[in-house]
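We use all heavy atoms of the structure for the numbers below, so side chains are in, but hydrogens, waters and symmetry mates are not. Keep in mind that what you see is a predicted model, and the values were worked out from it rather than measured.
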Amino acid sequence: MDRRSRSDKYLISEQPGMKILLTGLILAFLIGYTTSSLLSPTRIKSQLEKAASHIHKDIKVSFDSAELSLANGILPRFAVVIKQVRMESDQACWMAPVLEIDEMRLPLSLWGLLTKQSPVKTINADNVVLTLRGTVEACEKEKQQANENNHRPKEAAPLVTLSPLEQAQKYRNDISNLNITSFKIISAQYPQYPSELLSFRAQVKSFEPRIVEVHAKTNFLKDETVGDYLSHANLFLEYKEMPEQSLQAHFFGNWREGHYSVIAHYSLLDHMLNVETDMKHIPLSQVLQVLQKYDLVSKKLNGKQVWLSAKARMRGEAEKLKSAPFEVKDFRLEGDLGEMSVESANFTSVEPLRYKPLLIDIKNMRIDKLLAFINRPQKARIFGDLGSFTGQAEFVSEKEVRMVGEHQGLQFIFSNKSRRENQFVDRIAGEISLKGDTWNINVNRAEPRGGSFIGAIKVKADRDFKDVQFTSAIDEVTLAPSIQSLMTNGGEIGVLGLNVEARTTDGKVSYVRGTAQLNTLDVEGMTFGKSKAKFDLQQGEILMHAQAQSLDVEDESPGAEVLKPVTPNSWWVNQLLSMKDVHGEVRWRNNQSLQWLGLEAKVGKDSKISTTGSWDEFGTLKGSVQTKDGKATRKFKIGGSRDLPTFTDGDKATK
């Protein structure tokens with residue numbers, strides 16, 4: 001060996017770093033060449049199209065492009081990027097889904113490429129939109145058509161299947177993770193109510209037996225007016241094959257100031273579904289908004305300032321949930337409305353709604369709030385505060401209901417000459433029941449503040465209160481002194497007894513008959529002794545026969561202004577006109593016109609006064625008055641108006 005050869009050998013042997021550098025360059029070239037040939041865009045797209053064809057025979061897959069990415073900004077990345085992916089199926093019982101993905105990223109394992117193992121274990125996606133174009137009705141229609149054509153109904157192949165071992169090996173892959181930043185679900189039937197899953201993550205925990213877990217967050221129940229922070233929700237799903245094929249789901253989170261949890265277990269073997277829910281202090285208005293979105297409850301309900309707490313449990317076949325029984329426990333409705341609670345309720349089906357008799361405890365249920373809840377605010381001017389109800393309600397069925405308890409704080413408004421006073425009724429005790437289409441209301445005790453009530457009231461009505469029968473048997477009722485003073489201009493109303501039968505037909509009064517007794521009445525300087533009236537409704541006209549043992553009219557009273565012009569001065573003793581045995585008949589039509597017939601009264605031993613007359617809807621008076629003082633008789637003609645009557649005696653008119 002010559003000297004030069006020995007020198008070169010020495011240089012190489014003494015510099016091992018050179019060997020490593022040359023070896024690295026050679027390997028880099030080989031790897032780069034191999035990778036570029038294996039992962040060219042054309043080859044990648046071809047392989048992906050082949051893989052997509054194995055997903056399912058009823059699913060069509062397409063995408064715009066697929067390429068190898070080696071960097072993500074300044075960060076290294078070795079992944080296949082697929083853009084504008086579209087997967088769709090026309091299966092009616094899959095709801096005819098369309099899945100659209102803006103971009104999918106498949107991180108690649110170099111070792112998997114070199115060893116011919118699966119190079120992809122994770123799929124990452126940003127924005128995914130699943131559109132369900134079909135409806136449940138379309139699925140049922142397809143099954144029905146198959147039956148009508150004497151074919152076995154075509155069952156939709158499940159998206160998750162358990163294949164025999166050889167089939168599993170044929171389509172086997174090692175993808176164990178799926179991560180989606182935003183996963184939006186849209187129903188074509190309700191496009192205005194999309195659902196969005198955030199931070200969606202699916203992971204295969206085991207391939208044999210198969211165990212898959214899914215985690216996600218959502219704002220499905222969020223309130224747009226207050227922000228997402230009040231409506232966070234979490235979703236957990238677990239699919240496993242052992243000891244049986246099953247799907248476990250847990251949906252939980254906070255809903256504004258409340259909390260909720262839904263746990264479901266579905267068995268693929270017998271299609272049985274178990275669901276348990278727990279809700280605490282959930283705003284009822286929010287629940288109603290969700291139910292109203294899907295037309296499950298009336299849009300007229302208004303649950304503001306009302307909160308709901310309950311536990312529920314259901315078990316049944318997934319395809320027959322509407323007829324599955326379910327149980328509700330610890331139900332509580334509270335807030336401005338009052339409080340309603342049910343210890344336990346058992347429902348035998350949802351549609352039609354059927355349940356075993358259930359007992360509801362009611363505390364301080366505000367009637368005005370209840371009417372606002374059902375969007376029927378009371379408009380009757382005779383009522384102030386409608387008060388509250390405390391008691392129990394027993395629901396045997398939707399056509400058999402019974403309520404027993406006490407009503408407190410009801411207010412009646414009385415007004416006279418622009419003045420108003422409220423009559424408080426501290427307590428009303430009774431019972432309300434619905435049987436079939438008939439309501440029955442019985443009031444057996446009432447406590448008007450400052451007054452008294454002895455008697456009973458009964459009401460029988462149809463479901464809509466258009467046909468109503470009213471019966472009262474009241475031995476005694478008195479009002480508060482302030483009410484008596486208001487209605488009599490400083491006078492007094494005595495003890496009233498009332499026996500009435502009344503009926504409405506199609507919302508209009510069709511029958512009234514009864515009697516009223518009053519021991520005394522002092523109104524604006526006129527004092528009636530013991531009085532009695534019998535009244536009847538005939539052809540739209542109220543006919544009343546009234547009588548009073550006595551009537552005293554003071555000189556300064558409004559009655560004196562009418563009676564003085566037609567009575568002798570001798571009848572007024574100490575500025576007082578005293579009459580006895582007052583009686584007559586009054587006819588009143590449509591609250592506008594009034595007629596009195598044969599109205600007369602005795603004065604002293606052998607004197608009397610009698611009158612007949614009327615006023616029309618314009619208030620125009622007409623009629624006559626006759627007085628008999630011993631053997632002397634005088635007649636007067638009545639004219640003018642109610643506010644300014646005139647009396648004519650011969651050719652002379654007096655006011």
What heavy-atom pair brings [X] and [Y] nearest, and what distance separates the two atoms?
X	Y	result
H271	L268	CE1-O, 3.8 Å
D462	W439	O-CD1, 3.2 Å
A324	G316	CB-CA, 4.1 Å
F207	S176	CZ-CB, 4.3 Å
V204	V212	CG2-CG2, 4.2 Å
D126	I180	O-CG2, 3.9 Å

| Does the pair I123 and M104 meet the rule for a side-chain contact (heavy atoms from CB on, under 4.5 Å), with working shown? | CA-CA 7 Å; I123 298 177; M104 289 177 59; 3.5 Å; yes
Taking [X] first and then [Y], would you say they form a salt bridge - that is, a charged N and a carboxylate O separated by under 4.0 Å?
X	Y	value
E208	R210	no
K329	D278	no
R86	E100	yes

Min side-chain heavy-atom separation [X]-[Y] under 4.5 Å:
X	Y	value
V275	V262	yes
I282	L284	no
L198	T181	no
Q203	K205	yes
V81	K83	yes
L434	K399	no
I82	S65	no
V128	L130	no

| task | Report the C-alpha distance between T277 and M314 in whole Å, list the side-chain angles of each, state the deciding distance to 0.1 Å, and finish with yes or no for side-chain contact (heavy atoms from CB on, under 4.5 Å). | result | CA-CA 9 Å; T277 65; M314 172 185 283; over 6 Å; no
| message | What verdict does the side-chain contact (heavy atoms from CB on, under 4.5 Å) test give for Q392 and V404, after you've listed the backbone C-alpha separation in whole Å, the side-chain angles of each residue and the deciding distance to 0.1 Å? | response | CA-CA 6 Å; Q392 286 187 331; V404 179; 5.7 Å; no
Expected list for residues 331-349: side-chain donor-acceptor pairs under 3.5 angstrom, two or more places apart:
residue, atom, partner, partner atom, Å
R332, NH1, E339, OE2, 2.5
T348, OG1, R354, O, 3.3
S349, OG, P352, O, 2.4

Roughly how far apart are [X] [atom1] and [Y] [atom2], rounded to 0.5 Å?
X	Y	atom1	atom2	value
M279	H259	CE	NE2	14.0 Å
N177	T122	CG	OG1	4.0 Å
D58	D90	CG	CG	9.0 Å
F252	Y260	CZ	OH	9.5 Å
F183	L235	CZ	CG	11.0 Å
L308	K280	CG	NZ	13.0 Å

| query | Would you call the rings of F236 and H215 parallel, tilted or perpendicular if under 30° counts as parallel and over 60° as perpendicular? | reply |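 Judged by the thresholds at 30° and 60°, the geometry between F236 and H215 is tilted.
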| said: Show, in sequence, the C-alpha distance, side-chain angles and deciding distance for E88 and K60, and conclude whether the salt bridge (charged side-chain N to carboxylate O under 4.0 Å, His left out) test is met. | reply: CA-CA 5 Å; E88 61 181 309; K60 300 177 183 178; over 6 Å; no
| Do other residues, nucleotides or ligands put more than 12 heavy atoms under 6.0 Å from the CZ atom of R133? |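 Result for CZ/R133: enclosed.
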| said: Please determine whether side-chain contact (heavy atoms from CB on, under 4.5 Å) holds for the pair Q245 and S267, giving the CA-CA distance in whole Å, both sets of side-chain angles, and the decisive distance to 0.1 Å. | reply: CA-CA 6 Å; Q245 304 172 40; S267 172; over 6 Å; no
| Hey, do the aromatic rings of H407 and F389 have their centres closer than 6.0 Å? |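 That pair fails the under 6.0 Å test.
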| task | Output, in order, the C-alpha distance, side-chain angles, deciding distance and verdict of salt bridge (charged side-chain N to carboxylate O under 4.0 Å, His left out) for E400 and R402. | result | CA-CA 7 Å; E400 189 171 350; R402 181 172 175 265; over 6 Å; no
| said: Side chains of E196 and S182: any donor to acceptor distance under 3.5 Å? | reply: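 A pair is found: one side chain offers a donor N or O, the other an acceptor, under 3.5 Å apart.
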